[in-house]
Amino acid sequence: MAKYQEDVKALLELIGGKANIQAVSHCMTRMRFVLADPKKADEKGIENIPSVKGTFTQAGQYQVIIGNDVANFYQEFTKYAGIEGVSKDAVKSAAKTNQNPLQRIMGALGEIFAPIIPALICGGLVLGFRNIIGEVDLLNGRTQSLADVSQFWAGMYSFLWLIGEAIFHFLPVGITWSITKKMGTTQILGIVLGLTLISPQLLNGFSVATTPASEIPVWDFGFAQVQMIGYQGQVVAAILAGFVLVYLEKFFKKICPEVISMVVVPFCALVPAVLIAHTVVGPIGWQIGDFIANIVNMGLNSNFKLLFAALFGLFYAPIVMTGLHHMTNAIDSQLVNTYDGTNLWPMIALSNIAQGSAVLAMSILQKRNERAQQVNIPACISCYLGVTEPALFGVNMKYGFPLVCGMIGSACAAMISIGTNVTAISIGVGGLPGILSIYPEYWLNFLLAMAVAIVVPFVLTFIVGSRKLSREERVLEAAPAAEAAAPAAAEVPAAQAEEQTAAAPSRVELKAICDGRTLPLSEVPDEVFSQGVMGEGMAFEPTGDTVYAPADAEVSVVMEDSRHACGLALADGTELLIHIGIDTVDMNGDGFTLFVHEGDHVRAGDKLITFSPDKIAAAGHPKTTVFVVTEPAGHESMTFNTGIDVQHGETVSAVLE
């Protein structure tokens with residue numbers, strides 16, 4: 001009899017039957033369905049199936065969390081249902097049919113900007129630091145800056161512009177590269193196309209507005225002239241040009257014989273793409289970008305700007321939860337390059353702070369609930385540093401009222417920010433460090449808005465939470481259970497007690513699985529892991545490229561195709577899961593090498609998997625590596641040493657007792 005026979009029968013029925021399944025695949029921990037009609041899935045019924053640990057919908061996929069044994073569950077399910085499983089790419093492609101055009105556009109924008117965000121954050125910090133040393137008059141009666149009185153700082157002020165210019169002025173190169181990477185075409189051609197948009201032969205795009213039309217250089221083809229204008233800092237024009245190149249390359253690959261494709265396809269794709277970029281989509285993209293920037297700027301500077309700010313501040317957090325916030329990256333970048341600054345980004349930073357302050361209040365309210373604090377404190381810190389997802393999904397959305405209180409505080413702070421004309425020189429630096437991206441003359445105004453973003457959500461959440469939270473939610477009641485267990489223990493015969501003592505799990509020390517720094521599980525940007533659905537654990541930010549066995553164990557499961565994760569079983573029945581990166585299953589094993597197979601026995605410190613941090617970053621995924629105890633096997637106390645630097649095979653990262 002199949003192990004999961006009853007569960008797969010129940011799942012097939014509750015998910016809407018075979019006819020409701022368009023495609024199905026699995027990763028290391030969950031089944032991934034594309035459903036014809038997601039409304040037919042009985043979510044509560046599915047979550048009551050013994051093998052199911054939870055469900056959620058993401059990017060058009062209905063995901064059912066099973067755990068380490070998902071491969072066996074998947075095999076039984078597809079066999080019973082008479083469905084042929086497909087690749088994860090096929091599921092991802094099919095899932096797009098469940099998304100409306102706006103969701104698909106936002107998803108594409110998100111995937112384009114994701115690999116660029118680290119550079120934008122770095123650029124924002126660089127320009128913020130440059131502001132401090134060269135634009136803020138702190139010395140000699142507030143008449144001179146550091147750069148005015150020190151040759152070293154003057155040199156540093158000049159040097160840092162090299163980095164800022166490379167990131168923000170040459171942004172089209174990053175965009176066209178990212179588009180080719182996302183679409184699976186030749187990335188170097190995307191880079192070359194981007195370089196043709198910002199070539200020094202062209203009139204700098206930032207000088208076009210102040211240059212008379214008669215002085216703009218042109219390419220003269222005899223029958224037509226094309227202005228030699230650069231697209232420095234232009235976002236929409238670069239996106240349109242990138243997609244022109246992608247579709248030209250795909251077209252010529254389809255019609256060109258393989259034997260000559262290496263020569264013909266790049267030439268036939270790149271040359272027309274550059275021509276079309278400078279004659280058609282470039283000028284159109286410039287106009288679209290300016291139009292969007294002007295509309296947003298008009299809203300930010302109109303008589304209704306306070307209403308605009310209030311609505312933006314109120315709804316930005318829910319927008320983040322839908323993924324639609326990726327559009328603001330394009331708009332903000334366009335505003336920075338069109339108007340030398342943006343009023344939009346300060347409101348985004350304030351929204352981060354407001355949601356973090358709501359979590360801070362929850363942390364105070366739940367200070368005696370140790371389990372809740374394991375989520376609250378890291379989520380609050382990450383929010384204040386500009387990463388809101390752990391707070392939104394792990395705390396505020398869970399309880400509801402903290403989310404609303406944070407939204408109200410964000411709206412109030414946004415009105416102050418817009419009302420006092422707070423302007424950022426760049427984007428990417430969110431949360432409390434967001435002040436570094438603000439023009440120095442607006443620091444006091446931004447500090448006032450920050451104070452409101454901290455105080456209002458905190459006070460509202462504390463007041464509402466004091467009334468709404470039950471005692472069980474505020475205090476983790478462990479004592480009564482222990483007291484109830486004590487009398488029962490006293491009644492156990494001595495011989496039986498000895499047997500139970502012998503059978504009790506012994507203390508297990510688990511060594512660090514990689515070199516790097518440890519993090520609380522709640523900081524993992526994946527709600528399945530961060531909310532503890534798979535079990536208690538921790539995360540690592542690796543500094544190397546290898547994960548090792550934390551103890552002597554048997555390899556219980558590996559992902560042979562994607563090679564990004566494996567499960568281990570200890571001698572006492574404890575089961576562990578190691579998962580390298582977030583959503584790295586989409587990489588289909590590229591950059592990963594397995595050194596073990598299912599059924600292998602490993603010793604502590606043995607090499608399990610190597611990975612390429614560069615390829616993970618290029619694919620737009622975090623390299624955060626998750627370590628979870630999926631089956632504690634009687635261990636009632638688990639301690640995870642987070643917030644420290646560790647070395648594989650030496651540092652004890654977890655203790656099970």
Side-chain angles (χ1 to χ4, degrees), residues 87-90 92-93 96 104-105 107-120 166-167 169-202 230-232 234-282 284-285 326 329-330 333 562 581 583-592 611-621:
S87 69
K88 289 172 283 292
D89 283 343
K92 193 173 181 180
S93 177
K96 292 181 180 179
R104 288 197 289 271
I105 292 171
L109 277 175
E111 291 180 33
I112 290 169
F113 273 91
I116 305 174
I117 290 297
L120 295 178
I167 292 174
H169 283 215
F170 302 160
L171 184 60
V173 179
I175 290 174
T176 51
W177 158 76
S178 185
I179 289 172
T180 54
K181 182 184 74 69
K182 166 185 159 41
M183 301 299 289
T185 55
T186 308
Q187 296 177 31
I188 187 61
L189 294 183
I191 294 172
V192 173
L193 173 63
L195 290 171
T196 68
L197 296 175
I198 49 98
S199 170
Q201 292 186 24
L202 309 174
Y231 291 88
Q232 286 82 356
Q234 288 290 320
V235 175
V236 180
I239 291 174
L240 294 177
F243 278 107
V244 168
L245 173 64
V246 163
Y247 287 110
L248 282 173
E249 182 176 351
K250 287 187 174 183
F251 171 75
F252 285 110
K253 273 187 177 179
K254 187 181 297 185
I255 66 172
C256 182
E258 185 70 26
V259 68
I260 59 171
S261 65
M262 181 68 76
V263 177
V264 174
V265 172
F267 181 85
C268 291
L270 184 61
V271 175
V274 174
L275 182 61
I276 294 170
H278 283 278
T279 58
V280 182
V281 300
I284 292 174
H326 294 299
N329 292 322
S333 298
S562 57
D583 290 331
T584 45
V585 65
D586 294 338
M587 296 173 65
N588 297 315
D590 184 30
F592 296 87
F611 59 92
S612 169
D614 291 340
K615 286 191 175 182
I616 293 176
H621 301 305

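Just so you know, these numbers come straight off a predicted model, no measurement behind them.
Nearest heavy-atom pair across Cys256 and Ser261 is SG-CA, 3.7 Å. Between Thr180 and Leu245, the shortest heavy-atom contact is CG2-CD2, 4.1 Å. When every heavy atom of Val281 is checked against every heavy atom of Val244, the shortest pair comes out as CG1-CG2, 3.9 Å. Shortest non-hydrogen contact noted between Ala241 and Ala277 is CB-CB, 3.9 Å. Nearest heavy atoms, Gly285 versus Val236: O-CB, 3.6 Å. Minimum heavy-atom separation, Phe252 to Ala269: CD1-N, 4.2 Å.
Scored by the salt bridge (charged side-chain N to carboxylate O under 4.0 Å, His left out) test, Asp614 finds no partners at all (sequence neighbours excluded). Here Lys250 pairs with nothing under the salt bridge (charged side-chain N to carboxylate O under 4.0 Å, His left out) rule; sequence neighbours left out.
Here the side chain of Thr279 pairs a donor or acceptor atom with the backbone of Leu275 at under 3.5 angstrom. Remark: the backbone N or O of Thr196 is not paired with any side-chain donor or acceptor of Ser199 at under 3.5 angstrom. Within the 3.5 Å criterion, the main-chain N or O of Ile175 finds no donor-acceptor partner in the side chain of Ser178. Judged purely by atom type and a 3.5 angstrom limit, Ser612 uses its side chain to pair as donor or acceptor with the backbone of Lys615.
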Item to check | Residue pair His278, Leu197: steps toward the side chain to side chain contact (heavy atoms under 4.5 Å, CB included) verdict | outcome: CA-CA 8 Å; His278 283 278; Leu197 296 175; 4.1 Å; yes
Next on the checklist: What verdict does the side chain to side chain contact (heavy atoms under 4.5 Å, CB included) test give for His169 and Ile198, after you've listed the backbone C-alpha separation in whole Å, the side-chain angles of each residue and the deciding distance to 0.1 Å?
Outcome noted: CA-CA 8 Å; His169 283 215; Ile198 49 98; over 6 Å; no
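Atom CD of residue Gln187 and atom CD1 of residue Ile179 lie 12.0 Å apart, to the nearest 0.5 angstrom. Remark: Trp177 CH2 to Leu195 CG distance equals 13.5 Å, nearest 0.5 Å. Interatomic distance, CG of Leu193 versus OG1 of Thr186, reported as 12.5 Å (0.5 Å rounding). Once rounded to the nearest 0.5 Å, the distance linking CD of Glu258 with NZ of Lys253 reads 8.5 Å.
Between Thr584 and Phe611, the closest side-chain pair of non-hydrogen atoms is not below 4.5 Å.
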